Amino acid sequence: MSRSARSQGLPWNRVLLDKVATRGSGHTPNKKRADYWNGSVRWVSLKDTFRMDQGLISETTASITHAGLANSSAVVHPSGSVILLRDAGIGKSAVLQSDMAVSQHFMAWSCGPRLNNWYLYYYLQSMKSEFERISNGSTIKTIGLDYFRQLTIPLPEIEEQRLISRMLLDIDEFLASLEQLVTKKQAIKQGLMQELLTGRRRLPGFTAPWRTRRLCDLLTYEQPSPYLVRTSKQLDAGRVPVLTAGKTFILGFTNESHGIFRDHPVVIFDDFTTTSKYVDFDFKVKSSAIKILKARDGADLRFVHGRMQLIDFSLGDHKRYWISEYSKQELLVPEVEEQTAVAQVLADADDEIDALKVRIEKARSVKQGMMQELLTGRTRLPVQGEDDE
């Protein structure tokens, strides 16, 4: 029987992970000893959580010295090892780009000849929900070492592992390229805002001078009281978004039918944090800190909202005041026709960014489906191999 027939035709065996990889963990050297820190050994800690789940990890927030290694239970794990966070961010994983030590919050596996490290990385990624389910603890949830001693994984032959890994790496590279493009487009849009919303750059055909206006001359405001949701118990039970103050923005959804704000578009302004959002859909609100702003005659709402993003609102003593303070903010604005033209340029940039984000979500969905198929053996890949002698 050929190796390709054997790998494609038979179900995968589950093997004890410890049989095909060397398991290890880490430690934190004494933080009171300055000579143990800021050395040449990269040390992965909880401060590096944001670097996890992105494939390779190449940098660390902290580093330790060889003296720190020698006088603690920390060890250096070789390049290519797969690490997994087992508490305070359970289930996040990465592959070490170079030799590194880790804190006690991580598990680390150095893969043997029967196990491809990227296959293990993606398999651990697919187990996130399971890791969260079995974790325990009242303050900080964690996964005990006994679990990892008994952990088994499905193990196709190494050629099939490499093919699976390559396919998933390819889609991750595609996702990374899209995310980099979004970052680039967002930077371009930010530059356009700085130029077009301040008059440093004018669109063709517009030459009229800009004049100073107060926000209250451009916008009307309304208190949110008639549109407040009555109870938080109904959130996520309906289809009407419930808006809240600050960066969270959409708190949930309600099935309440009374008091829905429908006269959009408007700008939602939180006069406590000075966060603002352009809203063009029906909604209810949760916070009384919100002000509902609409454009007066001679003002384009999208332009004014964009211009508000460039204002450094002074929070002062953190009192909530739209009328007494923020509405008196002065700014230079063009005539409404130029406002609308500028707003359209920025809206087109937003549409381009949003389209890229849709592509990213679709690619993530495709990746999730691929992981479910490829890492379970439901879909098998053709493996090139020679007949056994």
Side-chain angles (χ1 to χ4, degrees), residues 14-31 33 36-128 130-132 134-137 140-155 158 161-162 165 375:
R14 292 193 73 90
V15 302
L16 198 66
L17 181 53
D18 280 0
K19 292 286 188 181
V20 289
T22 301
R23 174 171 47 84
S25 185
H27 195 255
T28 302
N30 189 339
K31 291 188 175 181
R33 292 288 301 267
Y36 290 175
W37 296 92
N38 300 316
S40 60
V41 181
R42 290 188 175 96
W43 181 72
V44 188
S45 68
L46 292 180
K47 292 182 178 180
D48 299 303
T49 302
F50 71 97
R51 294 186 167 98
M52 306 291 286
D53 288 347
Q54 300 177 47
L56 286 172
I57 182 169
S58 56
E59 300 294 333
T60 59
T61 304
S63 61
I64 60 178
T65 64
H66 288 284
L69 274 175
N71 292 279
S72 73
S73 298
V75 295
V76 173
H77 300 284
S79 170
S81 296
V82 181
I83 62 173
L84 176 80
L85 190 55
R86 67 186 186 96
D87 55 30
I90 288 170
K92 290 179 176 288
S93 55
V95 176
L96 302 184
Q97 188 175 48
S98 60
D99 296 353
M100 297 183 190
V102 300
S103 74
Q104 65 273 20
H105 304 284
F106 292 85
M107 301 303 302
W109 290 274
S110 175
C111 298
R114 295 176 57 199
L115 180 61
N116 178 272
N117 60 342
W118 285 103
Y119 173 81
L120 176 60
Y121 166 75
Y122 284 114
Y123 184 74
L124 294 176
Q125 288 272 302
S126 74
M127 289 187 65
K128 274 188 177 182
E130 172 67 6
F131 291 143
E132 291 171 0
I134 59 94
S135 62
N136 56 73
I140 298 177
K141 290 192 173 183
T142 188
I143 304 175
L145 292 178
D146 283 344
Y147 176 84
F148 295 108
R149 293 188 186 104
Q150 302 172 44
L151 179 60
T152 64
I153 63 169
L155 193 72
I158 192 69
Q161 293 179 42
R162 292 187 182 117
S165 302
L375 295 170

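Just so you know, these numbers come straight off a predicted model, no measurement behind them. Numbers for residues simply follow the sequence, beginning at 1.
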Do the side chains of [Y] and [X] get nearer than 4.5 Å, heavy atoms only?
| X | Y | value |
| --- | --- | --- |
| Ile143 | Ile90 | yes |
| Cys111 | Leu120 | yes |
| Thr152 | Leu17 | no |
| Ser63 | Trp37 | no |
| Asn38 | Thr65 | no |
| Tyr119 | Leu375 | yes |
| Phe131 | Leu84 | yes |
| Arg86 | Phe148 | yes |

Check whether more than 12 heavy atoms from other residues, nucleotides or ligands sit under 6.0 Å from atom NZ of Lys47, and answer yes or no.
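No, not enclosed.
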
For Ala94 and Ile57, work out which heavy atoms get closest and say how close.
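Between these two residues, the closest heavy atoms are CB-CG2, 3.9 Å.
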
Any idea which heavy atoms bring Asn116 and Ser165 closest together, and the distance?
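So the minimum-distance heavy-atom pair works out to OD1-OG, 3.1 Å.
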
Flag for Arg51-Thr61: side-chain donor and acceptor within less than 3.5 Å:
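Thr61 vs Arg51: donor-acceptor pair found between side chains.
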
Point-to-point distance, once rounded to the nearest 0.5 Å, from [atom1] of [X] to [atom2] of [Y]:
| X | Y | atom1 | atom2 | value |
| --- | --- | --- | --- | --- |
| Met107 | Ser93 | CE | OG | 13.5 Å |
| Tyr122 | Asn117 | OH | CG | 10.5 Å |
| Lys92 | Leu85 | NZ | CG | 8.0 Å |
| Leu56 | Tyr121 | CG | OH | 9.0 Å |
| Arg14 | Ile153 | CZ | CD1 | 8.0 Å |
| Phe106 | Leu46 | CZ | CG | 6.0 Å |

Report the residues that fulfil side-chain hydrogen bond (donor to acceptor under 3.5 Å, both in side chains) with Arg162, sequence neighbours left out, ordered by chain and then residue number.
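With sequence neighbours excluded, Arg162 shows a side-chain hydrogen bond (donor to acceptor under 3.5 Å, both in side chains) to no residue whatsoever.
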
Pair Ile64, Leu69 - check side chain to side chain contact (heavy atoms under 4.5 Å, CB included), show working.
CA-CA 7 Å; Ile64 60 178; Leu69 274 175; 4.0 Å; yes

Any side-chain to backbone donor/acceptor pair from Trp43 onto His27? Under 3.5 Å, distance only.
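The answer is yes, because a donor-acceptor pair under 3.5 Å joins these two groups.
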
Counting distance only, does the side-chain N/O of Glu130 pair as donor-acceptor with the main-chain N or O of Ser126 below 3.5 Å?
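No; judged by distance alone, with no hydrogens or angles, the pair does not exist.
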
Going through the checks in order, is the side chain to side chain contact (heavy atoms under 4.5 Å, CB included) test met by Ile158 and Leu115?
CA-CA 6 Å; Ile158 192 69; Leu115 180 61; 5.7 Å; no

Pairs flagged by side-chain hydrogen bond (donor to acceptor under 3.5 Å, both in side chains) wherever residues 100-115 is involved - sequence neighbours left out
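For residues 100-115, and leaving out neighbouring residues, the side-chain hydrogen bond (donor to acceptor under 3.5 Å, both in side chains) pairs sorted by first residue read Thr28-Gln104, Asp87-His105.
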
Tell me, which pairs form a salt bridge (Lys or Arg N to Asp or Glu O under 4.0 Å) where one or both residues lie in residues 144-155, sequence neighbours left out?
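The answer is Asp146-Arg149.
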
Using the ring-ring contact (aromatic ring centres under 6.0 Å, His included) rule, collect all pairs that involve residues 58-102, keeping only residues at least two apart or in two chains.
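Sorted result for residues 58-102: empty, none.
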
Partner residues of Thr60 under the side chain to side chain contact (heavy atoms under 4.5 Å, CB included) criterion, sequence neighbours left out:
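Listed in chain order: Arg42, Val44, Asp48, Met100.
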
All side chain to side chain contact (heavy atoms under 4.5 Å, CB included) counterparts of Asp99, not counting sequence neighbours:
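For Asp99, the residues satisfying side chain to side chain contact (heavy atoms under 4.5 Å, CB included) (neighbours in sequence not counted) are Val76, Pro78, Ser79.
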
Please report the C-alpha distance between Val20 and Leu155 in whole Å, then the side-chain angles of each, then the deciding distance to 0.1 Å, and finally whether the side chain to side chain contact (heavy atoms under 4.5 Å, CB included) criterion is met.
CA-CA 9 Å; Val20 289; Leu155 193 72; 4.0 Å; yes

